Each structure stands twice: as structure tokens, then as C-alpha cells.
A.B. asks: 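A single structure is presented below for examination.
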Amino acid sequence: MILPDGQSIRKIVGISDESSVLMFTVTAGTWFAARSTGEYSLCGCTVAPGFDFADFEWAIIPR
């Protein structure tokens, strides 16, 4: 995640070790991305309250 002040935070989602988490909250104004560490990954994003696509922005980063 990249916070509005430019600070970056890395979270490992899964059950790989004691430092990993199953889910977490990304606050408003924060950019986030995901990278699979295996053959496949399942991820989701739930938003609340009052999500509006007019406030949503994608960033496509080439490999």
C-alpha cells in the first residue's frame, strides 16, 4: 500500500507464517496492489460506505 503521505506498507495475506494476515483494511486515499506468490490467488475487495465509481481510479503498471 502507498499511503497519502507517500509511506509504503507491505502486508502478506494468507497463512504462510505468523506475520501474515487473512484480511485487512485499506483506508480511503491509499493505493494498493496485489502480487500472487503461487500458481494462482483469489482476492476480493469490499467497499463501504457509499462507493461511487466516479471516485475510483485505476493505475496500470506494466511488468
Side-chain angles (χ1 to χ4, degrees):
M1 297 176 288
I2 301 175
L3 304 177
D5 66 2
Q7 177 186 2
S8 65
I9 298 174
R10 181 178 179 197
K11 293 273 190 181
I12 298 175
V13 181
I15 54 173
S16 59
D17 60 36
E18 300 82 32
S19 67
S20 61
V21 296
L22 291 178
M23 68 178 82
F24 62 97
T25 302
V26 177
T27 57
T30 302
W31 285 89
F32 66 96
R35 179 183 309 156
S36 179
T37 59
E39 186 176 332
Y40 64 90
S41 295
L42 173 66
C43 65
C45 177
T46 304
V47 295
F51 177 77
D52 186 347
F53 270 104
D55 300 325
F56 188 76
E57 187 175 354
W58 283 102
I60 308 293
I61 300 172
R63 291 183 188 227

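All values derive from a computational prediction rather than experimental measurement.
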A.B. asks: Determine, using the 4.5 Å side-chain heavy-atom cutoff (strictly less than), whether Val13 and Met1 are members of one ILVMFWY cluster.
C.D. replies: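 Yes, one cluster joins them.
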
A.B. asks: Test: ring-ring contact (aromatic ring centres under 6.0 Å, His included). Region: residues 22-41. Which pairs qualify, not counting sequence neighbours?
C.D. replies: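 Pairs touching residues 22-41 that pass the test: none.
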
A.B. asks: Restricting to side chain to side chain donor-acceptor pair (under 3.5 Å), what partner residues turn up for Ser41, sequence neighbours left out?
C.D. replies: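 Expected list: Ser36.
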
A.B. asks: If hydrophobic clusters are built from ILVMFWY residues whose side chains come within less than 4.5 Å, do Phe51 and Trp58 share one?
C.D. replies: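 Yes, Phe51 connects to Trp58 through the hydrophobic network.
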
A.B. asks: Work out which heavy atom in Ser20 is nearest to a heavy atom in Gly14; give both atom names and the distance.
C.D. replies: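 Minimum heavy-atom separation between Ser20 and Gly14: OG-O, 3.1 Å.
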
A.B. asks: Tell me, please, which residues at least two apart from Thr27 pass side chain to side chain donor-acceptor pair (under 3.5 Å).
C.D. replies: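 Listed in chain order: Thr30.
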
A.B. asks: What is the minimum heavy-atom distance between Ile9 and Leu3, and which atoms define it?
C.D. replies: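 The pair with the smallest heavy-atom distance is CD1-CD1, 3.7 Å.
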
A.B. asks: Side-chain heavy atoms nearer than 4.5 Å, only ILVMFWY residues, links allowed to pass through others: does that put Val47 and Phe56 together?
C.D. replies: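 In one cluster: yes.
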
